[in-house]
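Report on the following structure.
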Amino acid sequence: MTIDGAAFLITGGASGLGAAAATHLVDHGASVVLADVNTEDGEAHAKALGQQAIFVETDVTEAAQVQQAIDLGSTTFGGLNGALSCAGVVLARRTLSKHGAHDLESFSRVVQINLMGTFNVARLMAPLLAENEPNDESERGVLVNVASIAAFDGQIGQAAYAASKGGIVSMTLPLARDLAQNGIRVMAVAPGIFDTPMMASLPDDARESLGQQVPFPSRLGHPAEFAQLASAIITNPMLNGEVIRLDGAIRMGPR
Ligand SMILES: NC(=O)c1ccc[n+]([C@@H]2O[C@H](COP(=O)([O-])OP(=O)(O)OC[C@H]3O[C@@H](n4cnc5c(N)ncnc54)[C@H](O)[C@@H]3O)[C@@H](O)[C@H]2O)c1
């Protein structure tokens, strides 16, 4: 799919990986809908991107809000060609700690936002994309979901986060198979450790130490490198039903 002239919904587009993808896509001629709960950063980023971007306050767990973002984007830009599901939250909590057993509420919240939110976007985008005129490759749309290497190398305290990201990994192939007849591709990216506001909560020395654990290049990933991969996925019609690790060869240990 050609990026120039296309339009994409980007959940989590107010910050980090989603914001970087939005910048990259707009720089290459696309329009973007930034769908995020973070109104302040979302509106500021949309304003900075100019006329090719709008912000729509959206909680990915709410069907009506996701539908509204899709509808507004489609009306504003004359249709949508795909979605990048970058919205996500992280949680560090042991199954059993000195405070007792892991509470079910926070486990459920992480799965709701990361996994159910991603599926919510995929299922609601599908009918719109299926109506698109197919391009020369018979392609009507593309969905790029964001998992994590925690789906494979979940660390201590990551039961909820790893479960939510494992679900995104596992549904990649069935989503791609479901939507193949509609000419819609589905891919997932499993980032390693990226320098985003999500990581900024860690102290500098912890971030530096994490970066040094990456075999090569020994640093945190730049959000623009995620955007570069998302863009390669959008433009390469043969990429479908697969999860790509983007991690500088890091394999996380237990802690
Ligand atoms: N940064 C990393 O090292 C890393 C590594 C692996 C995976 N990831 C994943 O990449 C994605 C982006 O993370 P990031 O590092 O850019 O973090 P980030 O915190 O900078 O961005 C996440 C965005 O998601 C939004 N969001 C949270 N809950 C939402 C909801 N219910 N509805 C809509 N938007 C919501 C937040 O407001 C925020 O703008 C996440 O799914 C994260 O799990 C990040």
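From a predicted model like this one, the values you see are computed outputs, not experimental measurements. When a ligand or atom number is given, it counts from 1 through the structure's own listing order. In this chain, residues are counted from 1 in sequence order.
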Would you say [X] touches ligand 1, if touching means a heavy atom closer than 4.0 Å?
X	result
S85	no
F226	no
Q112	no
I193	yes
N114	no

Self-check item: Those atoms of ligand 1 less than 4.0 Å from some heavy atom in G88
Solution: 22 (C), 24 (O), 27 (C), 40 (C), 41 (O)

Quiz item: With atoms numbered from 1 as shown, which atoms in ligand 1 lie under 4.0 angstrom from a non-hydrogen atom of G192?
Solution: 3 (O), 4 (C), 5 (C), 6 (C)

Just to confirm my output: which protein heavy-atom neighbour is closest to [atom], and how far is it?
atom	answer
atom 31 (N) of ligand 1	D59 OD1, 3.0 Å
atom 17 (O) of ligand 1	M198 CB, 3.3 Å
atom 14 (P) of ligand 1	T196 OG1, 3.5 Å
atom 12 (C) of ligand 1	C86 O, 3.1 Å
atom 33 (C) of ligand 1	T58 O, 3.1 Å

For ligand 1, does [X] get within less than 4.0 Å through its side chain, its backbone, both, or neither, judged by non-hydrogen atoms?
X	value
A147	backbone
L17	both
D36	both

